[in-house]
Amino acid sequence: MQTMTMNPVSDPSERFLDALTDAQRSAVTHTEGPLLILAAAGSGKTRVITRRIAYLLSLGIPPWQILALTFTNKAAAEMRERVATLLEAEPESDRLTRGLTVTTFHSLCARLLRRYAAHMEGMPNWRTKPDYTIYDMDDQSALMKRVLKELELDKSQWQPRAVLSAISGAKNALQSPDEFQAQSSDYYSNTIARIYHAYERALRAANAVDFDDLLLLTVDLLRRNETARAEVQDRWRYLMIDEYQDTNQAQFILSTLLCGSNSASGVGGVRGVRGVGGVGGQPNVCVVGDPDQSIYGWRGADISNILDFESTYPGAHVIALGQNFRSTAPILAAADTLIRNNSKRKHKDLFTTREGGSPPTVVLCQDEHHEAKLIVDWLRALHDQALPDDDPDASSLTWKDMAIFYRNNALSRVLEDECRGAGIPYVIARGTAFYQREEVKDAIAYLRVVANTADDVSLRRIINKPARKIGKTTIDRLDTFAAHHELSLFKALHAADQAQDISPAACKAVAKFTGMIDSWNAGGTFMGSDIPASLADLVSRVISESKLEDHYIAASKKREDDAQKLENLRELVSSARDFELEFDPTNDPALADVPADPTQPIDEADTPPLLVMLRAYLESIALVADADAIDPTAGAITLMTLHAAKGLEFPAVAMVGLEEGLLPAQRALASEDELEEERRLAFVGITRAMSHLTISSARYRTHRGLRERTIPSRFISELPEGGITLSDQTDAYDDTARDWGAPGGGADFDNTNTPASRFKPGNRKPTPKLPGELSYEREVPDIHNLAAGATVRHPQFGVGVVASISSRGMNARATIEFRDAGKKTLVLQYARLEILE
DNA sequence: AAAACTGCATCTCAA
DNA sequence: ATGCAGTTTT
């Protein structure tokens, strides 16, 4: 047991055990040895975790000995905040939490790799210097394309996406290229092994890691380096892991290394390393999760981590939290009935204290526009609802109390249009969106090169952007030169004048470019008076001196949406400034060090402040998650994917697109396991709802340009018969679900899958034009204010009338019927159109 | 070397 | 329908 170095909180049992159920209370107070908390949806999981942390602190456990791991920054931030709130009333509450580590798996790994970079030198797959770059999917894909070219493999036969996914699988299973190769027998896997080798070599050359590497390399580090392992295990004595059902193999091994359970970690027989001072040598590891909410199997999550917890840690204590505090009885019943269809499942009883409430509604709609309209109408009605005095659930729902969930991001479009058209405020949970914009990625690529000149992917991205006379030929020659002399591309740029085949003009352009980069980081030293004074200053200088700014200023005179890009670049500067103001290297909320802690940062003491800041900034950008963007204080409806919804709750929830091939997804139809995961996904969606739930399915949906007949999701027929309200709005088909609810489920639905093109209204009652259907025509405030029916002139084709516009993204296209030239489809982004009327 | 055009593949989910 | 890459045009 630890010596008490802090003053215990006055009376912990009063303050932190107050108003808990027996099960919750025992989860909070069971502090020693392995503990598995099976927390059903809505069972007060976060409440238990935060109170458990507060309780540990109240016992006098030093805060720096506690490590809590989550999957998203948002979850970590919320947890920190709630712990702080719990301790607010205590004297010296700041000191009580100083050094407490609550962070994500990936952030923790990023920090450990940085700190122990020097310890990894000489390790077989040693790769990182402290300023490594974290590659996102785009970067990985760019790198993979180069690798494939180098190996002379056809990229249509070896799709970067598929190859990367195979490699990701290997990494999640902690397989090195050699290990992967050893168990490859056929041509396909042997080739993947070759690619894996080359890809790793390329990453290493760029001093870069991918997301999987963060975990993999940290596991490697802790397995191989006794110093790092001992320091880490010595510091953290109490480990807590949230959403344990979503951990993959790498995360599992990492957790065993962190908590010092060496037998399970593959370290084996290392003497003297016995981290975590638990009773009877048992590690103090507490994991929280729910097998019914395991929805990341496709990402390598291994549900057996949670199912086998008791055999991994013999003598583990198990506590089940089954009582639901969130949803009304009918909603919980729907969720329960659905999830019972999963056969590979340990049943647990769900029960709620929230009796009463209205049953969920299932709406059958005509098509996606109709669906969007009905959902928005439903939400509007809830919002405008008069308040009955006797029903507390009906009380004043505001926009922020509502959410719409869908299976994939493509479905958000129609819903956005409908919300916009109805004047309802909405936000889309896409935290990464900003940093994925082209112009922002460009600016960040400059910053990455400043921090890590070996980063080839970023360097290639920006070397001629904006155009600075360094063309493909020059780069190809420099590539050859670099390969010949075993230099990084950036070093080759510096030596361009020594390459025979580079023209003097090209040399000059290259020198100007390298000179610019060198001026920002003083040739990599970050020393001297000429380097930027602050991070915001650096970002600002990069944007202006790279001429990125000028480029968009010039462009924005011609193209309206280039003005937005300029705006985004300016926003990046202020984001850097905000970061700078918040960031305190001596008190990182994620990984704070405390005076008493022996593991001081070892690489940052002599590091120039600007570099420290830049590293932290780039890291924080690389690790933002979509879910991080959800701002509960915004007065708007939240639109998000079902995956992003996990862990959240809303008084009113709408789930759209419950159709075969969508939810469950096409890919899952063939496999029983994947089908069950889709069912869990639906379960997660339903259990987010506190009081109101609507589920919808559209009879027709436009897929890839084609309007297709759909089949209602089997999950709809798996909901409790009589436990829901069915509302069939597809009045063109009044016989739609006549056998609704009968045994056999999905088979009772109309299974004809006729292409809509052959659909003839014929004798059917004509469906009234839905307001939503025209929305794309009136909404499209496209860049040229073009609308169907407008008359335009094209320099080449002459005068014509716009027949239709397909808006969306940057590549909006218009089909125009020209008087002389016939029908043409033009890309609005490029076409030089003059609007006549 | 940049702008415009054409063909081809594509639609999960995401740290 | 849309986004990408490679190609043709200016």
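In the text below, chain A, chain B and the rest are named by the order of the sequence lines, each starting its count at 1.
For the P atom pair drawn from B/dC13 and C/dC4, the interatomic distance equals 15 Å after rounding to whole Å.
Contact between the side-chain N/O atoms of A/N73 and the OP1/OP2 oxygens of B/dA15 is not found at any separation under 4.0 Å. OP1 or OP2 of B/dA14 has at least one side-chain nitrogen or oxygen of A/T641 nearer than 4.0 Å. Contact check, A/N409 against B/dA14: a side-chain N or O comes under 4.0 Å of OP1 or OP2. Here A/Q159 reaches the OP1 or OP2 of B/dT10: one of its side-chain N or O atoms lies under 4.0 Å away.
A/R407 has its CZ atom 9 Å from the P atom of B/dA14, to the nearest Å. Atom CG in A/L675 sits about 15 Å away from atom C1' in B/dT12, given to the nearest Å. Distance A/N172 CG to B/dC13 C1': 14 Å, rounded to the nearest Å. Here the P atom of nucleotide B/dA14 and the CD1 atom of A/I621 are 20 Å apart, to the nearest Å. As rounded to whole Å, 12 Å separates atom C1' of B/dC11 from atom CD of A/E708. Per the geometry, CG belonging to A/L639 stands 14 Å off P belonging to B/dC13, to the nearest Å. In this structure, CD of A/E677 is placed 14 Å from P of B/dC13, rounded to the nearest angstrom. Here the P atom of nucleotide B/dA15 and the CG atom of A/D139 are 15 Å apart, to the nearest Å.
A salt bridge is absent between A/R299 and A/D246: the closest approach of a Lys/Arg side-chain nitrogen to an acidic carboxylate oxygen does not fall below 4.0 angstrom.
If you find the closest nucleotide of DNA chain B to A/H643 and to A/G471, the one lying nearer the 5' end belongs to A/G471. Nearest-nucleotide assignment on DNA chain B puts the 5′-proximal partner with A/T474, out of A/T474 and A/A644.
The side chain of A/N408 lies closest to B/dT12 when the candidates are B/dT12, B/dT10, B/dA14. For A/K145, the side-chain atoms get nearest to C/dA5 when compared with the rest of B/dC13, C/dA5, B/dA14. Here the nucleotide nearest the side chain of A/F211, chosen from B/dA15, B/dA14, B/dT12, is B/dA15.
A/E708 and A/H703 get closest at one heavy-atom pair: OE1-CB, 3.2 Å.
Heavy-atom contacts from other residues, nucleotides or ligands closer than 6.0 Å to NZ of A/K441 number more than 12.
In this structure, A/F105 reaches neither bases nor backbone, as no heavy-atom distance under 4.0 Å exists between it and the strands shown.
The closest side-chain donor-acceptor pair between A/D302 and A/N248, if any, does not fall under 3.5 angstrom.
Using cut-offs of 30° and 60° on the angle between ring planes, the pair A/H643 and A/Y296 is tilted.
A stacking contact between A/Y296 and B/dC13 is absent: the pair does not combine a ring-centre distance of less than 5.5 Å to the base's six-membered ring with planes differing by less than 30°.
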